[in-house]
Amino acid sequence: MKIKFIPIDYDYFDYNGRTYAKIIGKTNKNKKACIIDDCDTYFWAILKPKTSDKQIKKIQEKIEQVSIKSTNRESKVIKTELHNKNFLGEQVKAIKVFVTNHKDIHEISHKIPMKYIDKRREKDIPFITRYVIEKNLKPLHWYEIDGEFLNNSPEFNGIDASLNVDICIKAEEIKQIKDQEFFPKILAYDIETAEVEIGRSEILMVSLVGENFKKVLTCKEPSKQPYVEHFKSEADMLLAFVKYVKQYDPDILTGYFSDGFDLPYLRARAKKNKIKLNLGIDNSQPVFSRGRMLSAKIKGIVHVDLYRFIRTVYAQYLKSETLSLDEVAGELLGEKKTDFNATEAVRANKIDWQEFYKYNLQDSVLTYKLTEKLWPDLLEVTKIVQEPLFNTSRAGLSSLVENYILHNLNRFNEIAEKKPIHEEISERRSRESVEGAYVLEPTPGLYDNLAVFDFTSMHTSIIVTFNLSKATLLSKKQKNCFESPELEFENKKTRFYFSKKPGFFPTLLKEIFEKRKQFKQEFKKDPNPITKARSNVFKLLSASVHGYQGFFGARYYSLEASATVLAFVRKFNKEIIDKTNKQGYKAIYADTDSVVFALNKHTEKQALELLKKINNQLPGIMELDLEGFFKRGLWVTKRTGDFGAKKKYAMINKNNEIKIRGFETVRRDWCYLARETQNKILQLILKDGNEKKALEYLKQAIKKLKNREIPLKQLIIKTQLKKPIDDYKAETPHITIARKMRSLGLPINIGMIIRYYIAESTKTKKKALVRERAKLPNEPGQYDIEYYLKNQILPSVENIMEVFNLDVNELVEGKQQKKLFDF
DNA sequence: GGTCCTGCGTTACC
DNA sequence: ACCGGTAACGCAGGACC
């Protein structure tokens with residue numbers, strides 16, 4: 001029988017000593033289906049060069065006799081094949097060793113005689129990755145599957161009967177068909193607890209939200225709300241949670257930080273109550289992978305922790321200062337969490353349960369809507385990288401890049417390099433880091449008529465143009481090769497050389513680069529969430545490849561290639577600075593891949609001609625672009641010393657759009673008043689170049705502060721807790737506050753934003769440390785006017801006004817006068 | 001008791 | 001530990017006078 005099928009979740013199992021793939025997905029009739037399929041599993045034994053055919057025959061015969069016996073199965077080599085392959089730029093002869101059971105590949109590979117073998121590779125390809133490559137059944141693409149319908153069949157120990165699916169098929173033929181629209185069945189969930197430590201106290205309630213489905217399950221107060229269901233015990237509530245998930249039968253179960261909180265908490269409480277959290281379609285319980293970050297897997301349902309996906313893949317498109325559900329939902333959906341302070345209510349033991357239920361439900365509503373909204377992005381990244389959604393939704397950038405590579409190696413007839421293991425990783429990590437990009441020190445001042453040039457995908461275009469990769473690195477200079485600029489590497493001045501024969505890595509990157517261009521065009525022609533997501537995925541892959549090459553965990557790690565990329569980055573950036581200066585422009589500032597310069601007496605048209613001229617001289621696919629013309633731009637000195645501050649500037653274009661970088665305005669660890677005051681002052685200066693008005697504004701702000709007319713809300717300082725509180729060596733204000741919160745029994749988590757304000761000293765002696773004056777936002781006290789003047793407002797505007805020879809310190813009484821003030 | 005320097009810590013830019 | 005180098009700058013604490 002034939003079905004049309006979209007694979008969603010991948011798993012595998014052993015049967016009769018062989019490894020089989022078990023793929024859960026949907027049919028075009030919206031039925032849940034399971035495909036069972038076998039798959040060759042193998043590794044490569046790369047032969048030493050010049051091994052004779054006779055010797056090869058002999059070694060093949062020997063390998064074919066290898067077998068191992070473990071407690072419950074016997075594994076052996078099924079057959080071997082000789083192939084001509086590529087490996088890291090070399091043509092090699094390699095024996096493909098087919099093995100009965102994937103799990104035993106490693107052990108079997110260690111039993112083969114090594115006399116003529118140079119290297120063993122692809123032992124570390126996970127079974128699912130192998131399966132997708134071999135059978136070409138890629139996640140979230142559509143297929144026509146022909147096979148044997150399993151209905152209470154004894155085959156595979158009656159697997160079809162043990163699974164909660166509508167159809168179970170043993171695949172015989174798989175044919176890719178045209179993609180059709182697919183929208184998964186999503187169920188979002190969220191729990192509320194009294195304690196944040198996993199499993200510490202009981203779960204108060206669980207909310208579930210799907211399409212036309214809203215539930216809050218609780219074992220606390222009953223409610224008249226139709227969506228609230230009351231249970232007499234936590235155990236009953238948890239069982240109902242499982243029951244409803246199974247009844248709803250989602251493709252995706254999604255939470256926000258649910259890998260780190262909700263699911264581990266549910267597991268802990270289920271254990272405590274001695275009940276089973278059998279959410280899997282085979283009634284199995286969630287499996288938690290070890291590692292720094294837990295990953296919670298449910299069989300047959302893709303558990304998506306949306307927070308993790310947003311953090312790695314989506315955060316770059318967000319303006320949000322934190323990735324809290326509230327802020328992200330606010331930005332993407334225009335909808336916020338319910339205004340209800342759960343922590344405070346629980347702590348004070350004054351809980352308005354009806355409000356609490358509403359709040360709990362809303363969290364799931366937001367998570368549901370966000371998952372729905374980001375589905376095109378989840379879909380495209382999964383389709384393109386070709387790993388299951390469970391992995392891609394949790395993957396870091398390096399893993400996305402690496403999996404994209406692995407799934408495309410066949411086209412290059414290339415054997416995959418191995419993953420580094422412990423010693424190699426620690427060796428790589430211990431290495432001296434390579435010099436980074438160049439930043440030009442600006443001359444502080446206000447400038448008119450600016451142009452900004454920047455390189456399009458600079459690192460990527462350099463890798464492609466100069467063929468930079470692990471496999472194309474030459475051990476010594478050859479004629480007709482690419483030569484790096486001189487650079488410092490391991491404390492020595494040196495150069496690296498790269499082959500001109502295109503390597504698979506730069507070639508693959510060139511494809512990514514071109515696809516990025518192509519899909520950007522596609523999006524422009526047909527703007528919709530899917531074309532946008534597709535374009536963004538290639539943009540992300542393209543931008544991440546350079547970082548990947550320098551990442552110690554990468555299969556294709558090459559610090560030499562990475563150092564060379566950066567040497568070229570510095571060289572080309574400096575060249576553009578020189579060229580613009582030589583043509584009578586004035587380079588004001590430059591950072592990595594961009595140069596800002598004053599047009600001086602030149603016209604914009606002339607600047608564009610210069611751009612064209614530079615582009616004609618640039619090698620390969622390197623390209624310089626016009627970022628824009630700006631009518632004004634401001635650079636300031638560093639707070640310490642008379643140097644121009646890097647990574648801090650503000651510019652305005654002809655549409656009066658302002659671009660602010662690095663200034664306190666864009667830093668979340670400054671209070672709102674300082675940020676807003678600085679922002680206003682930058683606007684006044686840039687819009688009409690009027691520093692007098694700016695000064696007037698500043699005076700008003702200072703006056704309000706001095707009169708205590710500024711609400712405390714605008715004076716809250718926010719700092720993130722980046723590690724466990726007891727790991728800190730320095731006692732800074734935010735650590736003091738975090739400790740205070742802990743002693744009050746308030747939840748303290750890594751990653752949380754600590755909020756506080758600076759109050760007047762209660763000590764009679766002056767000069768108390770800042771941390772001694774720091775108070776929680778709801779702690780009674782008077783804010784310290786002097787602190788906010790001297791440590792927040794003035795520092796944020798001082799260097800800006802200094803450009804106009806104005807000394808703002810003189811606006812504050814009692815402060816020593818440094819300069820004469822003339823306005 | 002002030003000034004200078006340094007290390008820690010956070011956040012931003014690209 | 002899951003891209004990483006360059007950079008600004010506040011706070012705290014010790015050296016020094």
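In what follows, every heavy atom counts, from backbone to side chain, and hydrogens, waters and symmetry copies are set aside. First the proteins, then the strands, lettered A, B, ... as listed; each starts at 1.
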query: In this structure, which one of Lys517(A), Arg516(A), Glu623(A) forms a side chain to side chain donor-acceptor pair (under 3.5 Å) with Thr456(A)?
result: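 Considering Lys517(A), Arg516(A), Glu623(A), a side chain to side chain donor-acceptor pair (under 3.5 Å) with Thr456(A) is found only for Glu623(A).
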
In whole angstrom, what separates [X]'s [atom1] from [N]'s [atom2]?
| X | N | atom1 | atom2 | result |
| --- | --- | --- | --- | --- |
| Arg667(A) | dT10(B) | CZ | P | 12 Å |
| Ile660(A) | dA8(C) | CD1 | C1' | 16 Å |
| Lys790(A) | dC9(C) | NZ | C1' | 18 Å |
| Arg773(A) | dC11(C) | CZ | C1' | 11 Å |
| Leu769(A) | dG10(C) | CG | P | 16 Å |
| Ile758(A) | dC11(C) | CD1 | C1' | 10 Å |
| Ile754(A) | dG10(C) | CD1 | C1' | 17 Å |
| Phe643(A) | dA7(C) | CZ | C1' | 14 Å |

Let's see if you can work this out: which of [options] has an atom nearest to the side-chain heavy atoms of [X]?
| X | options | answer |
| --- | --- | --- |
| Asn791(A) | dG10(C), dC14(B), dC11(C) | dC11(C) |
| Lys638(A) | dC9(C), dT10(B), dA12(B) | dC9(C) |
| Val666(A) | dC14(B), dC3(C), dA12(B) | dA12(B) |
| Val770(A) | dT6(C), dT10(B), dA12(C) | dA12(C) |

- prompt: Hey, which of Leu721(A), Ile717(A), Leu776(A) is the one that makes side-chain contact (heavy atoms from CB on, under 4.5 Å) with Ile754(A)?
  reply: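 That would be Leu721(A).
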
field: Cation-pi geometry met for Lys723(A) and Tyr728(A) (6.0 Å, 45°)
entry: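 Judged by the rule (NZ or CZ under 6.0 Å from the ring centre, within 45° of its axis), Lys723(A) counts as positioned above Tyr728(A).
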
query: Between Lys470(A) and Tyr557(A), is NZ or CZ placed under 6.0 angstrom from the six-membered ring centre and within 45° of the ring axis?
result: no

Going by distance alone, is a donor N or O of one side chain under 3.5 Å from an acceptor N or O of the other, for [X] and [Y]?
| X | Y | value |
| --- | --- | --- |
| Ser562(A) | Gln549(A) | no |
| Glu387(A) | Thr382(A) | no |
| His734(A) | Gln720(A) | no |

query: Listed in order of residue number, which residues of residues 431-443 of chain A have a non-hydrogen atom at under 4.0 Å from DNA chain C?
result: Ser433(A), Val434(A), Glu435(A), Gly436(A), Ala437(A), Val439(A)

- prompt: Tell me, which of residues 302-317 of chain A have any heavy atom that sits under 4.0 Å from an atom in DNA chain C?
  reply: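 Contacting residues: none.
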
Please confirm whether [X] and [Y] have ring centers closer than 6.0 angstrom.
| X | Y | answer |
| --- | --- | --- |
| Tyr556(A) | Phe504(A) | yes |
| Tyr649(A) | Phe663(A) | no |
| Tyr757(A) | Tyr788(A) | no |

field: Inter- and intrachain pairs under side-chain hydrogen bond (donor to acceptor under 3.5 Å, both in side chains), touching residues 308-319 of chain A, at least two apart
entry: Asp259(A)-Arg308(A), Ser295(A)-Arg308(A)

message: Just to be sure I understand the geometry, which residues of residues 715-734 of chain A put a non-hydrogen atom under 4.0 Å away from DNA chain B?
response: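 Under 4.0 Å from DNA chain B: Thr719(A), Gln720(A), Lys722(A), Lys723(A), Tyr728(A), Lys729(A), Ala730(A), His734(A).
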
field: Of residues 536-562 of chain A, the positions that come close to DNA chain B - non-hydrogen atoms, cut-off under 4.0 Å
entry: none

Side-chain N,O ([X]) to OP1/OP2 ([N]) below 4.0 Å:
| X | N | answer |
| --- | --- | --- |
| Arg639(A) | dG10(C) | yes |
| Tyr787(A) | dG10(C) | no |
| Lys647(A) | dC13(B) | no |
| Arg771(A) | dG13(C) | yes |

- prompt: Do the side chain of Arg668(A) and the base of dT11(B) come within less than 3.5 angstrom through a donor-acceptor pair of N or O atoms?
  reply: no

Check: Ile614(A) and Lys579(A) side chains under 4.5 Å, non-hydrogen atoms: yes

query: Would a distance-only check, ignoring hydrogens and angles, find a side-chain to backbone donor-acceptor pair under 3.5 Å from Glu798(A) to Pro795(A)?
result: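 Not confirmed, Glu798(A) side chain does not pair with Pro795(A) backbone.
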
- prompt: How many angstroms lie between OG1 in Thr677(A) and CD1 in Ile702(A), if you round to the nearest 0.5 Å?
  reply: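 Taking OG1 in Thr677(A) and CD1 in Ile702(A), the distance rounds to 8.5 Å.
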
Interatomic distance at P, dC2(C) relative to dT10(B), whole Å: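 So the two P atoms sit 15 Å from each other.
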
field: Which residues share a side-chain contact (heavy atoms from CB on, under 4.5 Å) with Ser426(A), sequence neighbours left out
entry: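 Per chain and number, Ser426(A) pairs via side-chain contact (heavy atoms from CB on, under 4.5 Å) with no residue.
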
message: Considering every strand and a 4.0 Å limit on heavy-atom distances, what is the contact class for Tyr649(A): base, sugar-phosphate, or nothing?
response: sugar-phosphate

